Amino acid sequence: WRYRDLIMMFVKRNFTVLYKQTILGPAWIILNPLITTVIFNVVFGGMANMPTDGVPGFLFYMAGNTVWTFFANCVNNTATTFVTNSQIFGKVYFPRLTMPVSQVLTSLINFGIQAAMYLLFVVWFFATGSGVAFTLWVLAVPFVILEVMLLGLGVGIIVSSLTTKYRDLAIAVGFGVQLWMYGSPVVYPLSMITHPVLRAVMVINPMTAPMESFRYIFFGTGQVTGVMWALSLIWTVALLALGLSLFSKVEKTFVDTV
């Protein structure tokens, strides 16, 4: 908290570096999920004809894509913390954790912009009588997002700590997050998984509860249980604790290995 000004400076730097010398600039924050949602709708909804639990396909895929993009950005952006900022870390001391926290906050701001676009589509579908309804469960959205953010931070700082010695992880993390997406109910509902073993794996997956809850909040569909949320929270606390422990050990000696 004492270094909050430094964190905000890093957040500003992240935006500047990311969209500097681009034609569309921050518009990519909206275009990326919008284009991906259209592709999901055509491929999985049109060609593969996957069920969406009665939810309009476009909204179903946009809901999943919006949450998953936030999680993936949290992991990918924090996974290279030590390697990317080794020159800064080697010159001056400041709490190293401020860097991954700033990356997560940058991802949160991007998510806020994407969520605003998503809400506009939800309101439009609601106004046209497409079966979308608003309930008091919408108040639970901040809790869901906080869960996703802490989980992404935990996984990201674990990878960032290990990449100081094992550079392969920096390459593999993007592929791993992509595989994780297909193992989570992003482009399909949990109700589609009926095989007992596969369903058990899905329930253990810490991203299943937030994904299904996000859709349940807006559409009233999705299979969410207390067990799923308990497992998700346990995973989040465990991964975050492990990540912080590894991070605190690596930050003392990483300059010699990076």
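Since the model is a prediction, treat every value here as computed from it, not as a measurement. Positions are given from 1 along the sequence. The analysis underlying the following values was restricted to heavy atoms, covering all of them including side chains, and did not include hydrogens, waters or symmetry mates.
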Side chains of Ile157 and Leu153, heavy atoms from C-beta outward: is any pair under 4.5 Å? yes
Honestly curious: do Val237 and Met207 fall in one hydrophobic cluster under the side-chain, below-4.5 Å linking rule? no
Yes or no on side-chain contact (heavy atoms from CB on, under 4.5 Å) for Leu6 and Phe10, after CA distance, side-chain angles and deciding distance? CA-CA 6 Å; Leu6 179 62; Phe10 284 143; 3.5 Å; yes
Assess the side chains of Ser232 and Glu147: does a donor N or O sit below 3.5 Å from an acceptor N or O? yes
In the single-linkage hydrophobic clustering (I, L, V, M, F, W, Y; side-chain heavy atoms under 4.5 Å), do Ile204 and Tyr182 co-cluster? yes
Rounded distance [0.5 Å steps], CE in Met192 versus CG in Leu198: 10.5 Å
Residues Val11 and Ser102: closest non-hydrogen pair is CG2-O, 3.6 Å
For residues Phe247 and Leu97, report the shortest heavy-atom separation together with the two atoms involved. CE2-N, 3.6 Å
Could you tell me whether the side chain of Leu151 reaches within less than 4.5 Å of the side chain of Leu239, counting heavy atoms only? yes
So do Asn77 and Thr106 actually touch side chain to side chain, heavy atoms under 4.5 Å? no
What I want to check is whether the side chains of Asp53 and Ser191 have a donor and an acceptor closer together than 3.5 Å. yes
If I take atom CG from residue Asn14 and atom CE from residue Met9, how far apart are they, to the nearest 0.5 angstrom? 10.0 Å
Linked, directly or transitively: Leu146 and Ile234 (ILVMFWY side chains, under 4.5 Å): no
Do Ile193 and Tyr188 have side-chain heavy atoms sitting under 4.5 Å apart? yes
Any donor-acceptor N/O pair, Thr69 side chain to Thr66 backbone, under 3.5 Å: no
Set out, in order, the CA-CA distance, both residues' side-chain angles and the distance that settles side-chain contact (heavy atoms from CB on, under 4.5 Å) for Ser160 and Thr78, then state yes or no. CA-CA 7 Å; Ser160 69; Thr78 58; 5.7 Å; no
Please say yes or no: joined through hydrophobic side-chain contacts below 4.5 Å, possibly via intermediate residues, are Leu179 and Val173 part of one cluster? no
Side-chain donor-acceptor pair under 3.5 Å between Asn205 and Trp235, yes or no? no
Measure up the Phe44 and Tyr61 rings against each other and bin them: parallel (under 30°), tilted (30 to 60°), perpendicular (over 60°). tilted
Would a line drawn from the ring center of Trp68 to the ring center of Phe71 be shorter than 6.0 Å? yes
How about Val55 and Arg215: do any of their side-chain heavy atoms sit closer than 4.5 Å? no
Going from OG on Ser161 to CG on Leu244, what distance comes out if it is rounded to the nearest 0.5 angstrom? 9.0 Å
Are Trp229 and Phe143 near enough that their ring centres are under 6.0 Å apart? yes
I'd like to know whether the aromatic ring centres of Phe218 and Phe125 sit less than 6.0 Å apart in this structure. no
Verify side-chain contact (heavy atoms from CB on, under 4.5 Å) between Leu34 and Met62, making sure each step is shown before the conclusion. CA-CA 8 Å; Leu34 188 59; Met62 179 168 279; 3.8 Å; yes
Treating Ser245 as the side-chain partner and Ala241 as the backbone partner, does any N or O pair qualify as donor plus acceptor under 3.5 Å? no
If I take atom CD1 from residue Ile30 and atom CE from residue Met117, how far apart are they, to the nearest 0.5 angstrom? 6.0 Å
Surrounding CZ of Arg4 (heavy atoms of other residues, nucleotides or ligands, distance under 6.0 Å), is the total greater than 12? yes
Between Val148 and Pro210 the two heavy atoms that sit nearest each other are CG2-CB, 3.7 Å
Could you pull out the closest heavy-atom pair between Ser213 and Ala209, with the gap in Å? OG-O, 2.7 Å
Heavy-atom closest contact (Thr52 atom, Phe60 atom, distance): O-CD1, 3.6 Å
Return yes if some donor-acceptor pair links the side-chain N/O of Asn65 with the main-chain N/O of Pro33 below 3.5 Å, else return no. yes
Exam field: side chain Thr208 to backbone Met202, donor-acceptor pair closer than 3.5 Å: yes
Take Met47 and Val42 through the side-chain contact (heavy atoms from CB on, under 4.5 Å) test and state the conclusion after the steps. CA-CA 6 Å; Met47 297 181 181; Val42 171; 4.2 Å; yes
Any chance you could measure Ile145, atom CD1, to Phe70, atom CZ, to the nearest 0.5 Å? 6.0 Å
Value rounded to 0.5 Å, distance of CG in Leu190 from CD in Gln223: 5.0 Å
Report yes or no: do Val201 and Trp180 belong to one cluster of Ile/Leu/Val/Met/Phe/Trp/Tyr joined by side chain heavy-atom distances under 4.5 Å? no
How close do Leu240 and Leu150 get, counting heavy atoms only, and between which atoms? CD1-O, 3.9 Å
